[in-house]
Structures are given as C-alpha cells and as structure tokens.
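Worksheet for the structure shown next.
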Amino acid sequence: MIVVANASGTGIFALHEDGQQVLALVLASLETGAYAGLRVYSYAGILGANDPLPATGLTWLNAPQTLAGYANAARKALSEGPGPGQFGRILQVTIASGTYPVPIDATTRSSLGDAAFETTLTNGDQYTIESWLLPTGQFISLDAPSIMTFAKACSAAFQALFNAQKQAVAGIVAGTITTKAQVNAILAASAPAGSTGG
C-alpha cells in the first residue's frame, strides 16, 4: 500500500493501492499536484483513511536519501535546473530559420503551451511571437509552425523524463536498480539527440 502522509509524517493524507504506475504518479505529484510537500511511504499492511499513521513498518519513499527520492529529485533537476536562474535539459530544435536552444523548464513549457493554444484560436498560421527570448539572450521571431515545433519538442522531452523516472522507480521496486549511477543512466538515455544539461 502507498501511504501519503502530511509533511511532518504524523498523519495520513491519502491511501493508494500498491503499484509501480501509482507510485510514479504519486511521486510526480509531490511537486505541483495535490501532494506538494507531503511524504510518501510504502506499507505492507492495510490501513483505513481514519487510521493513525503506524509507528513502524513504513518505508519513506521520497526521502532525499532514498533511491526513489533521488530519482525524483534528479528528474526535477534535469527539467527545472539545478538552482534558481539555471536551466536543466536544453534541446536543440530546428525550425525554418535555424536550430535554436529550447529549455524544458516550467516557464518555457507554460509559455509554449499558451502560444500553441493561441495558434489554434487565431487561424493557425496567422499567429506569431515577435520576440521569443532564447536562453542565450538572443531574441527570435516565431511563426505558428515554429511555435508548434518548439512546443511539441519541449513537451515530448519533458514527458520522456517522467517516463524515465517511472522506469527507474520500477527498477528500484524490483531490485534491479540499486545505485544513483543506474538512475542517472536511465534519465540520461531519455535525452533527445543534441540536447545538453543531462
């Protein structure tokens, strides 16, 4: 059973059936979803929503020192960057005017998602962004097809990281992934050709 507890680890917030996919989704939702900042445990017994959190028998899965917690943190660093003002993975995306660096951080994903949505509302090819800022400090103009190319590449690379984390967590649960180096290798293998930052 997967137990989601409050941030101090003293009370039950939610309960889930055991399973690798469920665990990967729960770990992913710790950053931005309903479980932001909460603790995730594995528990071999059975609990009800009103039961107290057991004092023993819990394995803290998203603790920084656990391998599953490390996989989550490593995936996040690759998508969002290792610290403020830093990028993680940066793609090299080719459009009609050239090949440009495109980070996959939350701000870029959101901006490209909004722009892609806007292209669907305004007769598609007529929508442009006159001043798109690249991580190099250079401004370029993006037409609707370029916006869609950037957005699709960014979204696919971001999802590939989650798929890699899911694969790593499955290996951790199965006992075939036992080191940070193995987790790093799985995450690195998800990088599109030509990308930088892991």
Problem - Atom pair OH (Tyr70) and OG1 (Thr179), whose distance is rounded to the nearest 0.5 Å - result: 9.5 Å
Fill in the blank from the handout: Value for CG (Leu134) from CZ (Phe150), rounded to nearest 0.5 Å, stands at 6.0 Å
Handout entry: Side-chain donor/acceptor of Thr149 to backbone N/O of Pro145, under 3.5 Å
Key = yes
Exercise for the section: With side-chain contact (heavy atoms from CB on, under 4.5 Å) as the test, would you mind laying out the steps for Ile104 and Thr108 before giving the verdict? Expected result: CA-CA 6 Å; Ile104 64 169; Thr108 302; over 6 Å; no
Practice task
Spell out, as yes or no, whether a donor-acceptor pair under 3.5 Å connects the side chain of Ser155 to the backbone of Lys152.
Solution key: no
Practice task
Applying side-chain hydrogen bond (donor to acceptor under 3.5 Å, both in side chains), run through Asn163 and Gln159 and close with a yes or a no.
Solution key: CA-CA 6 Å; Asn163 293 343; Gln159 186 56 53; 3.0 Å; yes
Exercise for the section: Might you work through the side-chain contact (heavy atoms from CB on, under 4.5 Å) test for Phe162 and Ser79, ending with a clear yes or no? Expected result: CA-CA 10 Å; Phe162 274 102; Ser79 63; over 6 Å; no
Handout entry: Validation row: Val183, Ile172 side chains within 4.5 angstrom (heavy atoms)
Key = yes
Practice task
Taking all heavy atoms of Arg89 and all of Ala188, pick out the closest pair and write down the distance.
Solution key: NH2-CA, 4.0 Å
Side-chain atoms of residues 91-98: list all donor-acceptor pairs with protein atoms under 3.5 Å, sequence neighbours left out, distances to 0.1 Å.
residue, atom, partner, partner atom, Å
Thr94, OG1, Thr99, OG1, 2.7
Ser97, OG, Tyr100, OH, 3.1

Problem - Minimum-distance pair of heavy atoms, taken over all atoms of Ala168 and Ile186 - result: CA-CD1, 4.0 Å
Practice task
Of all the heavy-atom pairs spanning Ile46 and Tyr43, show the shortest one and how long it is.
Solution key: N-CE2, 3.8 Å
Exercise for the section: Report yes or no: does Glu80 contribute a side-chain atom to a donor-acceptor pair with the main-chain N or O of Lys76 at less than 3.5 Å? Expected result: no
Practice task
Check the pair Ser190 / Gln167 against side-chain contact (heavy atoms from CB on, under 4.5 Å), numbers first and verdict last.
Solution key: CA-CA 11 Å; Ser190 72; Gln167 180 186 349; over 6 Å; no
Exercise for the section: To the nearest 0.5 Å, tell me how far Ile147 CD1 sits from Phe117 CZ. Expected result: 13.5 Å
Problem - Which atom of Pro103 lies closest to which atom of Asp105, heavy atoms considered - result: CB-OD1, 3.3 Å
Exercise for the section: First locate atom OG1 of Thr176, then atom CD of Gln182, and finally report the distance between them rounded to the nearest 0.5 Å. Expected result: 7.5 Å
Exercise for the section: Report the C-alpha separation of Asp143 and Ser146 in whole Å, then their side-chain angles, then the decisive distance to 0.1 Å, and conclude whether the side-chain hydrogen bond (donor to acceptor under 3.5 Å, both in side chains) test is met. Expected result: CA-CA 5 Å; Asp143 59 10; Ser146 298; 2.7 Å; yes
Problem - Closest non-hydrogen atom pair between Trp132 and Ser111, with its separation - result: CH2-CB, 3.8 Å
Practice task
Check whether any side-chain N or O of Thr119 sits under 3.5 Å from a backbone N or O of Ala116 as a donor-acceptor pair, and report yes or no.
Solution key: yes
Fill in the blank from the handout: Closest heavy-atom pair, Cys154 versus Arg109, reported as atoms and distance to 0.1 Å, is SG-CG, 3.4 Å
Practice task
Hey, could you give me the CG/OG1 distance between Leu112 and Thr107, rounded to the nearest 0.5 Å?
Solution key: 11.0 Å
Exercise for the section: For Phe139 and Ile129, run side-chain contact (heavy atoms from CB on, under 4.5 Å): C-alpha distance rounded to whole Å, both residues' side-chain angles, the deciding distance at 0.1 Å, then the answer. Expected result: CA-CA 10 Å; Phe139 285 95; Ile129 297 174; over 6 Å; no
